Number of protein chains: 2
Amino acid sequence: MVRLRDVAAHAGVSIRTVSNVVNDFQYVAPSTRARVQASIDALGYRPNVAARNLRRGRTGLLALVVPEIDSPYFSDLAARTVRIAEDDGWTVLIDQTDGDAGRERRLLHGERSQLVDGVIFSPWSMSAEELASRQDATPIVLLGEHAGAPPVDHVVIDNVGAAQEAVEHLLAGGRADIAALGVQPALGNETAHQRQLGYRRALSVAGQAWRADREAPVTSLHRAEGHRAMSELLATGDRPDAVFCFSDQLALGALRAVVDAGLRVPEDIALVGFDDIEDGRYSIPTLTTIAPDKDRIAELALQVLRDRLAGDDSPARVLTAPHRLVIRGSS
Amino acid sequence: MVRLRDVAAHAGVSIRTVSNVVNDFQYVAPSTRARVQASIDALGYRPNVAARNLRRGRTGLLALVVPEIDSPYFSDLAARTVRIAEDDGWTVLIDQTDGDAGRERRLLHGERSQLVDGVIFSPWSMSAEELASRQDATPIVLLGEHAGAPPVDHVVIDNVGAAQEAVEHLLAGGRADIAALGVQPALGNETAHQRQLGYRRALSVAGQAWRADREAPVTSLHRAEGHRAMSELLATGDRPDAVFCFSDQLALGALRAVVDAGLRVPEDIALVGFDDIEDGRYSIPTLTTIAPDKDRIAELALQVLRDRLAGDDSPARVLTAPHRLVIRGSS
DNA sequence: ATCGTGGCATGCAACGTTGCAAACTAGGTC
DNA sequence: GACCTAGTTTGCAACGTTGCATGCCACGAT
């Protein structure tokens with residue numbers, strides 16, 4: 001193992017000066033910097049993470065806690081978060097909760113608290129009250145909406161506006177009978193609720209009343225549920241001419257159901273999804289979707305954590321990441 | 001932050017004694033241990049990971065490097081590895097390479113070397129020669145076969161034997177014309193090659209010759225490829241009465257293709273997969289499969305790393321984890 | 001010649017922990 | 001009573017880094 005001390009001896013300077021070079025301290029003479037850098041390269045010096053962490057009082061680790069890592073949306077988001085955090089000098093631990101409240105709780109309280117400097121948390125089961133009552137000093141930032149907005153930083157996108165845009169796009173394409181697929185009345189899922197709100201708002205702006213039988217409920221956001229819910233919509237005989245699905249996975253399931261029923265997308269039924277997952281770019285037809293700016297979500301979350309770690313103790317913030325409507329073959 | 005020093009003052013003992021309690025050192029009087037433990041609980045002491053790592057010369061982190069984390073096999077394996085490693089005091093960083101050689105290389109050389117104590121690596125693109133020429137001191141253990149067995153520890157299962165068992169099970173069920181789905185002649189994939197070998201061996205033992213047109217090639221192990229390859233097998237009209245698929249994902253794709261063709265599983269065509277992924281337990285019909293003992297794979301990998309970190313410098317070992325045939329509805 | 005200033009380099013101490021070895025205690029043996 | 005042993009407790013130093021404060025130098029202004 002090569003230490004600062006070894007580099008210092010090799011370059012003929014003090015340990016402190018090598019440290020200054022490594023940390024890009026501004027007052028280092030160019031000639032000195034070059035000489036030290038040469039020694040660093042020659043010896044293959046790599047900073048000792050443990051010592052640095054101890055001295056700085058940080059571990060350099062962040063936790064990203066998501067319900068499931070094998071869903072395309074979260075794995076995409078996780079990959080981006082890892083990459084962006086890396087550029088920033090952080091290493092990200094990914095934890096999966098399976099939506100289990102006990103596991104969510106354990107990951108937030110204690111357990112990991114000594115290990116990570118901050119937590120990016122996409123809650124599933126935990127209530128706002130419980131999140132609010134957290135005692136831990138480790139800063140945390142939530143991803144996604146939460147009813148009642150607990151006094152914790154969170155990063156969201158404008159789900160109401162995005163849903164409205166999606167439906168207005170369908171209306172603009174001449175669709176007159178648009179269903180929503182993905183409402184979750186049972187679960188208190190705030191994200192689904194906001195997308196439902198946006199859907200109704202678009203209809204209302206267009207002078208249409210919303211109909212309960214045009215809002216298909218689901219119990220999860222998976223493909224199979226999309227298939228099931230769409231099949232039921234089609235089974236009534238009174239079929240819509242467009243469907244706004246609350247996730248791309250649901251939309252891909254729905255797509256299959258439409259095709260199974262012998263109908264065509266988009267000719268007979270137009271589809272719009274939400275999330276912009278990879279699969280939607282390769283489906284037949286390709287999937288129109290709302291694309292949240294996932295890089296921006298990750299950046300904002302990291303920014304909040306950085307600020308909090310720097311001592312910012314202003315009231316909890318709500319940061320909104322942009323999104324855009326990506327029009328493809330299904331609409 | 002509560003330190004050993006604070007606990008020591010609270011309990012009226014030396015710092016060292018508190019450390020002994022925390023580390024379960026054997027020579028601590030029961031009464032002392034109880035008193036110290038009470039202070040630990042009262043103050044809510046948690047060891048400082050950075051300081052411990054610095055002193056011990058370890059980070060307590062392992063990297064698990066896999067081609068893709070959102071494939072069911074790897075996400076299952078990763079989840080188990082994380083859990084088992086945790087019981088052992090390790091924290092696991094999961095890294096995805098997307099099978100990209102450059103990314104594999106970067107993760108193995110330097111980059112992370114200061115950060116993790118060991119690497120569990122499931123290679124995809126990197127050649128045996130390149131793996132062998134690795135200079136890094138960080139111990140590494142490979143998952144899966146590799147042609148030419150590089151001088152690096154690896155954990156495998158008996159793919160030849162497992163494939164043979166799978167095919168013999170089909171033969172025992174009275175199937176006479178068994179295809180293999182998943183050969184990968186183009187990619188130098190050793191795992192696929194061994195399963196192909198096992199398939200042929202079973203046929204040979206039964207006195208059958210293998211036929212090139214009964215070995216369906218694929219370009220990936222994904223569901224879509226299984227669907228495509230199976231559809232082509234069926235399109236010839238000369239269809240087999242059973243198919244051994246090299247992965248459950250392939251098998252599930254194949255299952256759908258069989259159903260799409262109006263045939264029944266297992267009546268018309270029996271299917272056997274490989275990997276024992278979750279989905280295979282809920283498909284209709286449920287999927288017969290070879291179940292590698294994933295917990296054991298993780299345990300063996302961790303065991304090797306532990307040994308290497310303890311200074312074991314014996315020649316590279318090949319450790320074989322057990323597997324079993326799980327008979328379900330599809331055969 | 002003296003002073004002030006800005007650029008640059010450095011020494012010291014400390015972050016919280018554990019390895020090492022020594023010190024102490026009590027109980028038994030010679 | 002001296003000696004030994006096993007059990008129990010402890011002090012010291014060190015892991016490699018960075019914050020702080022200070023020292024040194026050259027140069028231009030006084």
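Please read these numbers as outputs of a predicted model, since none were measured by experiment. Quick note on labels: first sequence line is chain A, next is B, and so on, each numbered from 1.
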query = What pairs meet the side chain to side chain donor-acceptor pair (under 3.5 Å) rule with one or both residues in residues 5-14 of chain B, with sequence neighbours excluded?
reply = B:H10-B:S39, B:S14-B:T17
Please write out each protein N/O paired with an N/O of nucleotides 22-27 of chain C under 3.5 Å, distance rounded to 0.1 Å.
none

message = With side-chain contact (heavy atoms from CB on, under 4.5 Å) as the criterion, how do B:F74 and B:Q96 come out once you've worked through the C-alpha distance, each side chain's angles and the decisive distance to 0.1 Å?
response = CA-CA 10 Å; B:F74 284 118; B:Q96 176 168 341; over 6 Å; no
message = Can you tell me if A:Y27 touches the phosphate of C:dC8, counting only side-chain N or O atoms and a distance under 4.0 Å to OP1 or OP2?
response = no
message = If you only use heavy atoms from C-beta on, which nucleotide in C:dT18, D:dT17, C:dG16 is closest to the side chain of B:N23?
response = C:dT18
key: Length of the line joining A:Q26:CD and C:dG6:P, which is rounded to integer Å   = 12 Å
note = In this structure, OG1 of B:T320 is separated from CG of B:L300 (nearest 0.5 Å) by 8.5 Å
message = Using whole Å, what does the distance between atom P of nucleotide D:dC15 and atom CG of A:N53 come to?
response = 18 Å
task = Quickly work out the B:R33 CZ to D:dT8 P distance and round it to whole Å.
result = 10 Å
ask   = Using 4.0 Å as the upper bound for N to carboxylate O, is an ion pair formed by A:R317 and A:D307?
value = yes
query = Any idea which heavy atoms bring B:V22 and B:P47 closest together, and the distance?
reply = CG1-CG, 4.3 Å
key: 5'-most by nearest nucleotide on DNA chain D - B:L54 or B:S31   = B:S31
message = Rounded to whole Å, how long is the line connecting atom CZ of B:R52 with atom P of D:dG16?
response = 19 Å
request  = Starting at atom CE of A:M1, determine the distance to atom P of D:dG16, rounded to an integer number of angstrom.
outcome  = 7 Å
request  = Rounding to 10 degrees, work out the angle separating the end axes of the helix from C:dA1-D:dT30 to C:dC30-D:dG1 (five pairs an end).
outcome  = 60°
Between the protein and nucleotides 10-14 of chain C, list the N/O to N/O atom pairs that are separated by less than 3.5 angstrom.
| from | atom 1 | to | atom 2 | distance (Å) |
| --- | --- | --- | --- | --- |
| C:dT10 | OP2 | A:S14 | N | 3.0 |
| C:dT10 | OP2 | A:S14 | OG | 3.2 |
| C:dT10 | OP2 | A:T17 | OG1 | 2.5 |
| C:dT10 | O5' | A:S14 | OG | 3.3 |
| C:dA14 | N3 | A:R55 | NH1 | 3.0 |

Separation of C:dT18 C1' from B:D24 CG (nearest whole Å) = 15 Å
ask   = Under 4.0 Å between a Lys/Arg side-chain N and an Asp/Glu carboxylate O for A:R103 and A:D98?
value = no
ask   = Hey, does the side chain of A:R56 come within less than 4.0 Å of D:dT17's phosphate (OP1/OP2), counting only N and O?
value = no
task = Considering only NZ, NE, NH1 and NH2 on the basic side and carboxylate oxygens on the acidic side, decide whether B:D87 and B:R83 come within less than 4.0 Å.
result = no
Could you go through residues 50-69 of chain A and list every donor-acceptor pair under 3.5 Å that involves a side-chain atom there, pairing it with any protein atom two or more places apart or in another chain?
| from | atom 1 | to | atom 2 | distance (Å) |
| --- | --- | --- | --- | --- |
| A:N53 | ND2 | A:V49 | O | 3.2 |
| A:N53 | ND2 | A:T59 | O | 2.9 |
| A:R56 | NH2 | A:N23 | OD1 | 3.0 |
| A:R58 | NH2 | A:L309 | O | 3.0 |
| A:T59 | OG1 | A:L61 | N | 3.2 |
| A:T59 | OG1 | A:L115 | O | 2.7 |
| A:T59 | OG1 | A:D117 | OD1 | 3.2 |
| A:E68 | OE2 | A:H222 | NE2 | 2.9 |

remark   = Atom CZ of B:R58 and atom C1' of C:dG19 are separated, to the nearest Å, by 14 Å
request  = Check whether any side-chain heavy atom of B:I94 lies under 4.5 Å from a side-chain heavy atom of B:V82, and answer yes or no.
outcome  = yes
ask   = Does a side-chain heavy-atom distance below 4.5 Å link A:I140 with A:R308?
value = no
key: Set of side chain to side chain contact (heavy atoms under 4.5 Å, CB included) partners for B:A38, sequence neighbours left out   = none
message = If you compare every side-chain N and O of B:R3 against the phosphate oxygens of C:dT17 (OP1, OP2), does one of them come in below 4.0 Å?
response = no
ask   = Is the shortest heavy-atom distance from the side chain of A:V304 to the side chain of A:D312 under 4.5 Å?
value = no
task = Measure the distance from CG on B:L4 to P on D:dC15 and round it to the nearest whole Å.
result = 19 Å
